[in-house]
Amino acid sequence: MAIKSIIPATYFLLFLHLLLPLASCIKTKQVYVVELFGDHTSDDKTLHEVENSHHSYLLSVKETEEEARASLLYSYKHSINGFAALLTPKEANKLSEMEGVVFVHKNQPKIYSLHTTRSWNFVGLDGPLNPWEEESDHTDGNLLARAQYGKDIIVGMIDSGVWPDSKSFSDEGMEPVPTKWKGVCQNGTAFDSSQCNRKIIGARYYLHGYQSAFGPLNEKEDYKSARDKDGHGSHTASIVAGRVVPNASAIGGFAKGTALGGAPLARLAIYKACWPIKGKSKHEGNICTNIDMLKAIDDAIGDGVDVLSISIGFSAPISYEEDVIARGALHAVRKNIVVVCSAGNSGPLPQTLSNPAPWIITVAASTVDRSFHAPIKLSNGTIIEGRSITPLHMGNSFYPLVLARDVEHPGLPSNNSGFCLDNTLQPNKARGKIVLCMRGQGERLKKGLEVQRAGGVGFILGNNKLNGKDVPSDPHFIPATGVSYENSLKLIQYVHSTPNPMAQILPGTTVLETKPAPSMASFSSRGPNIVDPNILKVLILI
């Protein structure tokens, strides 16, 4: 009798155990996007009324008004007609059956990533650089002057923020903020309203999507504000609208000249929607979630921008319906806002293009007629062309030249050999030598750090066949240069054929008017348009 009573009890406990995950699932709140009929141009609702309408939908499925308001992440008031909210599956299902609701879909976080002094001269915008010294007789022939240097055009930058202290964002001599501007300067960590001026006229940041997917922001890795931590957003903003900064150069004096943006009198509105990858340091990249991106576009439309600049894209083909950049851009274009996006950095393979929507101006990466030569001199007198912006010099001495695969720890898999990956080099074999490391695996700058860790005195980055002649000019912490695939083979042949191969990395110099230029950078993404092959996207090279 006791045994019979135990068996049903055991099954009952097992049944409860199986129900627990289901009950948890039912109660677990997830991010849903709710889209409603119509758009914001079809009625005369105020922004407050739009948000109240969204709250009323939530109140119909939540138990209290407080819970309804707390669940609302974003109310989209200028782009799609809808909102993003934390809902249980049961609440989402109930909403989907309500009148006025087009559909409710669980947010599958689309993880977007960021893409990134002579350029304007190279493309012919080389007129007088000081707008206040511009004479009227120059305006007929100078495009920059005829465009009034972008005066009072408001450019919304959706990116990783901005470093407002840079001279590129000075407002000296600029007129008051245009009256059409409706935006705000949002306070946050190391950024308050005083950081905005007549150049940076607004700043916002968006975290709800990121934190709902990845948890709280690690504030050791990024600022909880519109301030830029890694420089990508500041870089793109200065390219678009940076002020005239004379005598600018990279460390070591490379590329010395006057830095300025394409429209130095344009105003900047900053929308930070990109944050560090969870569990990684900021320098390893950023991610931008779809609901944060859409809200940034939504606010920019409402704030009154004239242009949207978005150097962000999705790593895989994505339909226009799922792509919030494409969808948000379409709403912006309908409001006469020009949207400019990057093509991506996934080249040189075909069908890697980001932002292919026909209503977006898509910009690819190209070279200019400036190069940074840092050749290698071999002990037999041969000069091998190289490129670098490393400010450190090796002196006049020759040093032994070795291949990375010959000074590595034994037992490395063949597919990991020769790349100078972390902790792969033997210090007793690499110390005091110049090490040739190949591209193909690992980060370029980390390869130089590995050579430095192992005691190497110099570093040569060798292109693989895929990269060919497209040689990057990088800064490193020891004397360094990069070489083409053809020159990599020459160096390997020299090491193999010479009893005591010796080399010297010569100091880098800036060389202008190099040919051919422009040419498509190898890293720049390519077509054809995989979303819709019937639409030919013409890329603008910058």
Side-chain angles (χ1 to χ4, degrees), residues 251-252 280-281 283-285 345 348 372 374-379 384-394 397-498 500-508 522-523:
I251 296 173
K280 295 186 178 181
S281 61
H283 79 272
E284 293 182 83
N345 299 332
F372 306 102
I376 302 159
K377 186 176 182 180
L378 305 181
S379 56
I384 303 291
E385 181 182 332
R387 294 182 185 177
S388 178
I389 54 171
T390 300
L392 302 171
H393 298 163
M394 162 169 289
S397 301
F398 285 89
Y399 295 89
L401 175 63
V402 295
L403 308 181
R405 65 189 182 206
D406 294 334
V407 294
E408 292 171 338
H409 290 290
L412 274 179
S414 59
N415 60 343
N416 287 339
S417 180
F419 299 113
C420 295
L421 303 178
D422 291 352
N423 299 307
T424 57
L425 301 181
Q426 297 187 72
N428 61 316
K429 291 187 175 182
R431 187 174 294 111
K433 297 178 174 67
I434 299 172
V435 183
L436 171 62
C437 309
M438 297 302 293
R439 292 180 71 178
Q441 286 193 45
E443 298 175 27
R444 301 196 304 266
L445 297 185
K446 281 191 172 183
K447 295 175 187 287
L449 291 173
E450 172 61 11
V451 174
Q452 182 187 45
R453 181 201 65 79
V457 296
F459 161 55
I460 301 172
L461 178 68
N463 269 8
N464 56 17
K465 190 173 183 178
L466 182 65
N467 298 114
K469 295 182 179 180
D470 190 35
V471 181
S473 297
D474 294 327
H476 292 279
F477 295 94
I478 58 174
T481 191
V483 297
S484 67
Y485 176 62
E486 180 182 350
N487 285 334
S488 296
L489 297 180
K490 288 180 181 179
L491 289 172
I492 293 170
Q493 195 274 334
Y494 169 70
V495 170
H496 285 160
S497 62
T498 306
N500 186 28
M502 304 284 284
Q504 175 189 5
I505 300 173
L506 301 178
S522 70
F523 64 82

What pairs with S388 under side-chain hydrogen bond (donor to acceptor under 3.5 Å, both in side chains), at least two apart in sequence or on another chain?
T390
Is the shortest heavy-atom distance from the side chain of D474 to the side chain of I389 under 4.5 Å?
no
Residue pair G456 / I478: nearest heavy atoms and the distance that separates them:
O-CD1, 4.1 Å
Out of I384, I460, V483, which residue meets the side-chain contact (heavy atoms from CB on, under 4.5 Å) rule with S488?
V483
Any salt bridge (charged side-chain N to carboxylate O under 4.0 Å, His left out) pairs touching residues 452-466, not counting sequence neighbours?
E450-R453
Main-chain N/O of D470 paired with N467 side-chain donor or acceptor, under 3.5 Å:
no
Partners of F419 by side-chain contact (heavy atoms from CB on, under 4.5 Å), sequence neighbours excluded?
L421, M438, Q441, K447
Tell me, which pairs form a salt bridge (charged side-chain N to carboxylate O under 4.0 Å, His left out) where one or both residues lie in residues 407-417, sequence neighbours left out?
none
What's the verdict on side chain to side chain donor-acceptor pair (under 3.5 Å) for R439 and N464, showing C-alpha distance, side-chain angles and the deciding distance?
CA-CA 6 Å; R439 292 180 71 178; N464 56 17; 5.7 Å; no
L506, L491, I434 screened by side-chain contact (heavy atoms from CB on, under 4.5 Å) with I376, the one that passes
L491
Minimal heavy-atom distance between G458 and I505, with the atoms involved, is CA-CD1, 4.3 Å
Do you know the tightest heavy-atom contact between F477 and L392?
O-CD1, 3.0 Å
Ring pair (Phe, Tyr, Trp, His ring centres under 6.0 Å) contacts in which one or both residues fall within residues 442-467, not counting sequence neighbours
F459-H476
Summary of ring pair (Phe, Tyr, Trp, His ring centres under 6.0 Å) pairs that have at least one residue in residues 423-453, sequence neighbours excluded
none
